[in-house]
Enquirer: 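If you scroll down you'll find the structure; I have some questions about it.
These values consider heavy atoms only, across backbone and side chains, with no hydrogens, waters or symmetry-generated copies. Here the structure is a predicted model, which is why all the values come from computation and not from measurement. In listed order, ligands and their atoms are each counted from 1.
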Amino acid sequence: MLRRTMLQAAAGALLAGQARATATWRLATGYRAESFHGQNLLAWARQVEQASGGALHIELQANGSLAPLAQIPAAVREGRAEMGEVIMTGLAKEMPIAGADAVPFVTRHYDDAQRLWLHQRPLVEPAFAARGLRLLFAVPWPPQGLYCSKPVASVQDLRGLRMRTYNATTVRIAELLGATPVDVAMIDVGRAVTEGRIDAMITSAVTGVENRVWDGLKFFYEINAWFPKNAVFADEAALRSLPAPARETLLASAPQAEARGWAASRQAARDSVDELRRHGVKVELPAPPLALHLRRLGERFALEWIREVGPQANAIFIPYHSSSTS
Ligand code: PCA
């Protein structure tokens, strides 16, 4: 009897010990769990859970369920989640350097985007750190193209159209195009199209596919304007409070999650353009007058951005352009 009680007590202590060793971290995102970003986060969570021997469990809070996209950094700082995922250009107001990947026509393909990230990362990391956040990794959306409900031959065709935007940088781009910005969260785009609230938008092919926009937006111009990245970050204080082995596992797995995410993005870029075509969307390159005009607007946007960022813009763009092979 005594022996049994002792054994029970020992088992109880062991279980209690395990329970203490398991941390559950909330990862808040404004995007869907089914999207390639969400799937990458879930794969990362599984990897961390396994590699930490169950010591760190990551729970994805998708669809803005914990906080709307724009409020996620604040939610993490306030301890409502330990980690968050945001679109980095959405931070450009408070962290101008984070807006480098929404300067149009700087990156033409994934290799460019990767090079830009190489030079942007060392500048963005301290900006996160200054806010008590640790940047873990970043994954790009496929290239941003122009959707429209009608054919677009020149920028004049966009004048006065209601253009869906997703943050301050896209609002400025809509203004430069002479369109009327209409703010719509990514997860609400499908509804906005069905309800006829938008005539045009600049986003990726994959976002058009996920929101099944083909009944309203039947034209997609592959302008490859920029590759915005989602950044995944943790609260620095929460990181410090993790037992060292779990913390090291988490940090060591971040570059792998980043590499998997970039590969998934490339794949999603290819698949989703095919999917748009299959649903009858006309996928085209922009006509030369449109392309030329867009480039000019891109230059104007770049000048405004450089003025806002100051010398740090050189710290990205000089090495970026000097390492270009084409
Ligand atoms: N999709 C997201 C951000 C960029 C993208 O391709 C959106 O449209 O909100």
Enquirer: May I ask you to decide whether E59 forms a salt bridge with R26, counting only side-chain N to carboxylate O separations under 4.0 Å?
Expert: no

Enquirer: Okay, side chain of S35, backbone of R32: is any donor-acceptor separation there less than 3.5 Å?
Expert: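 Yes; judged by distance alone, with no hydrogens or angles, the pair exists.
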
Enquirer: Suppose I only count heavy atoms of S204 and a 4.0 Å limit; which atoms of ligand 1 are within that range?
Expert: 1 (N), 5 (C), 6 (O)

Enquirer: State whether the side chain of Q120 and the backbone N or O of L118 hold a donor-acceptor pair below 3.5 Å, judged by distance alone.
Expert: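 No.
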
Enquirer: Is it the side chain (CB and beyond), the backbone, both or neither of V189 that lies under 4.0 Å from ligand 1, heavy atoms counted?
Expert: neither

Enquirer: I need the contact type for R164 against ligand 1. Using non-hydrogen atoms and a strict under-4.0 Å cut-off, is it side chain, backbone, both or neither?
Expert: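 The answer is the side chain of R164.
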
Enquirer: Assign the ring pair H279 / W214 to parallel, tilted or perpendicular, where the plane angle (0 to 90°) is split at 30° and 60°.
Expert: parallel

Enquirer: Considering non-hydrogen atoms of the protein only, which is the closest contact for atom 1 (N) of ligand 1, and what is the distance?
Expert: T207 OG1, 2.7 Å

Enquirer: Give me the ring orientation class for F219 and Y221: parallel if the planes are under 30° apart, tilted from 30 to 60°, perpendicular past 60°.
Expert: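 Rings of F219 and Y221: parallel, under 30°.
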
Enquirer: Mark up the atoms of ligand 1 that fall under 4.0 Å of a heavy atom belonging to T203, in ascending order.
Expert: 1 (N), 2 (C), 4 (C), 5 (C), 6 (O), 7 (C), 8 (O)

Enquirer: Which of the numbered atoms in ligand 1 are below 4.0 angstrom from a heavy atom of Y166?
Expert: 3 (C), 4 (C), 7 (C), 8 (O), 9 (O)

Enquirer: So, regarding Y31 and ligand 1 (criterion: nitrogen or oxygen to nitrogen or oxygen, under 3.5 Å), is there a contact or not?
Expert: no

Enquirer: Determine whether the aromatic ring centres of residues W141 and Y31 are separated by less than 6.0 angstrom.
Expert: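 Ring-ring flag for Y31/W141: true, centres closer than 6.0 Å.
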
Enquirer: What protein heavy atom is closest to atom 3 (C) of ligand 1, reported as residue, atom name and distance in Å?
Expert: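 Among all protein heavy atoms, the one nearest atom 3 (C) of ligand 1 is I87 CD1, 3.5 Å.
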
Enquirer: For A234 versus W25, what's the shortest heavy-atom pair and its separation?
Expert: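 Minimum heavy-atom separation between A234 and W25: CB-CZ3, 4.1 Å.
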
Enquirer: Could you tell me whether ligand 1 has any atom less than 4.0 Å away from a heavy atom of M201?
Expert: no

